[in-house]
Amino acid sequence: MLLTGGHAKSIETHASQADAVWQELMNAWTCSSVIGCEHRSGSGAPAAELLATGLLPDQPYCAITGGEMAPGRMIRLRAFYGSPEWTGKWSDNDPSWTSQLRNLMQFKKDGNDGTFWIGFEDFVKWFTDIYTCRMADDKWTKMTARSSWVDASAGGCPNFVSWRHNPQWLLTVPRPTRFTLSMTLPLPEGAAAAVPPSMAIGAYVFRGNGGDDTRRRKLVLLDGDVIVPSEPRYTRRLVQEISLPASDTHYVLMPFAFEPGQESPFTIVVRTDDRDEDGVADMKMEPVRPEEDWKSATISNNWSLSNGGGGPPGSTGFNANPQLQLRVSQRSGRFFIFVESIGVSDDGRLRAGIQEGGTAYPSIGLALHRSEPPLMQSVQPAPRDGVVLQCRLEPSDSPYIISPFLQQPAQAVAAHPALGYLVTVYSAVDFQLGSSDPKCGGPKCDYNCKDCPMFDVYERLMKIEQGIDKHLSFLSQF
């Protein structure tokens with residue numbers, strides 16, 4: 001059933017999932033959805049058995065009403081006028097009807113009007129599909145946002161630590177709200193409409209950060225943070241019905257492509273109630289803004305420059321690992337330290353942090369340490385794209401040292417010659433991240449080491465300067 005101006009979706013009915021189907025029906029009636037159902041040929045009981053009950057295969061029925069009635073869970077259905085009607089329990093001629101039930105349930109015996117009552121147990125037994133459609137009437141408010149997964153913002157699903165880079169939106173929900181989220185991918189330029197999508201997509205709703213961090217993006221997920229999970233699907237248009245309880249803190253909406261590095265523009269549309277009909281939505285949606293987001297810094301390098309480092313804490317060569325200085329000078333704060341593997345190769349092809357086709361990541365870990373006062377925190381190595389350390393750090397005259405490490409350095413570098421590491425630090429307080437080289441970032445810094453925070457800026461300025469020189473050289477010929 002598909003109605004113009006509305007949103008429709010299909011639900012398969014299974015007796016083993018009766019409670020979930022019933023809840024879906026109740027939710028649809030609560031938000032004034034139109035509900036239809038049918039028995040699809042070949043997907044349920046044999047046609048002969050179905051016809052014996054008075055029901056017809058491949059014919060739509062409308063679910064007029066239903067609920068917890070005196071006899072139990074009941075649904076009132078309507079077919080086309082003059083169509084055969086249900087002949088089982090609670091049919092028009094069923095002797096179970098009493099005068100009291102007739103009055104209570106507005107029962108009317110008419111064998112030609114196509115309307116009948118049916119118990120929910122029989123409903124899930126004989127009907128294979130339910131269709132719900134909610135009309136976009138004048139009580140709805142529409143919010144649209146356009147964005148894209150590109151470069152670092154193509155973070156993939158939460159199976160990867162890079163999911164945090166995906167575009168995120170803050171949802172303000174002052175009272176219980178139900179809304180429809182649709183996400184659409186454009187067709188590739190010049191492609192036919194029938195071209196199947198090349199990526200699986202989904203959308204999560206997380207519990208937002210609390211306190212002073214409520215307007216910042218979500219970086220990690222703890223127990224209970226996933227409010228609305230999502231099963232990725234290969235589709236160009238994903239539609240979800242979402243219900244959220246009222247909350248003093250924001251929720252976070254995060255659309256994603258299943259694998260990191262999959263790039264595409266996308267459009268999300270949220271349709272929500274406007275109960276007061278004042279033109280103001282019952283909820284608010286706004287992007288995480290850079291000026292309100294976490295402060296961050298990143299350093300990357302290649303493991304081969306240090307022969308793969310020296311192994312995990314406690315090993316004899318641990319001090320041979322990269323040592324990055326983290327300085328916290330003003331006030332204490334919460335820190336998130338990520339270390340990720342880059343340049344992982346699979347059959348000779350480089351993967352920039354993408355676990356595709358069974359790519360085997362080397363086991364990577366992270367240690368945070370300092371000699372005075374003594375400190376050592378670490379994350380055990382794991383064979384995945386990256387790990388994260390959460391901690392609270394106090395201001396200190398001496399720097400904290402961040403040391404990424406490999407569980408088996410020699411084997412990892414031999415298997416992945418271009419293997420590198422990417423260290424990213426996030427916090428709400430000011431900090432500095434740099435190389436352990438004392439001159440790096442200082443007055444004598446030549447910005448010529450990749451550990452230097454200014455290296456990328458320096459490289460870009462050099463390219464611009466080279467371009468200008470070529471242009472001036474060209475002009476001087478005239």
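Basis for what follows: all heavy atoms, side chains included, without hydrogens, waters or symmetry-related copies.
Looking at heavy atoms from C-beta onward, R146 lies in side-chain contact with T144 at the 4.5 angstrom threshold. Side-chain contact between I337 and L366 is present, with heavy atoms from C-beta onward closer than 4.5 Å. Residues Q23 and L25 fail the side-chain proximity criterion, which asks for heavy atoms closer than 4.5 Å. Here the side chains of L170 and K284 are not in contact, with every heavy-atom distance at 4.5 Å or above. Inter-residue side-chain proximity for T298 and V425 is flagged as unmet; no heavy-atom pair is nearer than 4.5 Å. Considering only heavy atoms from C-beta on, I201 comes within 4.5 Å of M183 through its side chain. With contacts defined as side-chain heavy-atom distances shorter than 4.5 Å, the pair Q390/F335 does not qualify. W90 places a side-chain heavy atom less than 4.5 Å from the side chain of L101.
For Q59, the CD atom sits in a packed shell: over 12 heavy atoms of surrounding residues, nucleotides or ligands are nearer than 6.0 Å.
Ring geometry, F107 versus W97: the interplanar angle falls under 30°, so the pair is classed parallel (tilted spans 30 to 60°).
Between the S148 side chain and the V150 main chain, no donor and acceptor come within less than 3.5 Å of each other. A side-chain donor-acceptor contact under 3.5 Å links T177 to the backbone of R175. Looking at S427, its side chain does come within 3.5 Å of a backbone N or O of V429 through a donor-acceptor pair. Within the 3.5 Å criterion, the main-chain N or O of G155 finds a donor-acceptor partner in the side chain of N166. Remark: the backbone N or O of V288 is not paired with any side-chain donor or acceptor of R216 at under 3.5 angstrom. Checking side-chain atoms of S91 against main-chain N and O of G88 turns up a donor-acceptor pair under 3.5 Å. A donor-acceptor contact shorter than 3.5 Å is absent between the side chain of H416 and the backbone of V344. Counting only distance, with no hydrogens or angles, the side chain of S300 and the backbone of L422 share no donor-acceptor pair below 3.5 Å. No donor-acceptor distance shorter than 3.5 angstrom exists from the side chain of D129 to the backbone of C37, with no hydrogens or angles considered. Between the side chain of Y61 and the backbone N or O of L56, at least one donor-acceptor pair lies under 3.5 Å.
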**Full working for salt bridge (Lys or Arg N to Asp or Glu O under 4.0 Å) between K218 and D225** = CA-CA 10 Å; K218 200 74 173 174; D225 279 350; 3.3 Å; yes
**Prompt:** Can you check side-chain contact (heavy atoms from CB on, under 4.5 Å) on W303 and N321, steps first, answer last?
**Reply:** CA-CA 9 Å; W303 280 109; N321 288 306; 4.1 Å; yes
**Message:** Go through it in stages, so that I can follow the logic: the residues are S341 and D385, the test is side-chain hydrogen bond (donor to acceptor under 3.5 Å, both in side chains), and I'd like the CA-CA distance, side-chain angles, deciding distance and then a yes or no.
**Reply:** CA-CA 6 Å; S341 290; D385 60 317; over 6 Å; no
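Looking only at atom types and distance, the side chain of R164 has a donor-acceptor partner in the side chain of Y426 under 3.5 Å away. Inspection of the S96 and D94 side chains reveals an N or O donor paired with an N or O acceptor under 3.5 Å. Residues D58 and S41 bring a donor and an acceptor atom of their side chains to less than 3.5 Å of each other. Checked by atom type, the side-chain pair R40/T128 shows no donor-acceptor distance below 3.5 Å. No side-chain donor-acceptor contact under 3.5 Å links S153 and H165.
Partners of D122 under the salt bridge (charged side-chain N to carboxylate O under 4.0 Å, His left out) rule, at least two apart in sequence or in another chain, do not exist in this structure. The salt bridge (charged side-chain N to carboxylate O under 4.0 Å, His left out) test applied to E292 returns R215, not counting sequence neighbours.
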Please table the atom pairs, donor to acceptor, closer than 3.5 Å between any side-chain atom in residues 68-77 and protein atoms at least two apart or in another chain.
residue: E68; atom: OE2; partner: R73; partner atom: NE; Å: 3.2
residue: R73; atom: NH1; partner: D19; partner atom: OD1; Å: 3.2

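Within the cation-pi definition used here (under 6.0 Å to the ring centroid, within 45° of the axis), R233 does not qualify as a partner of F258.
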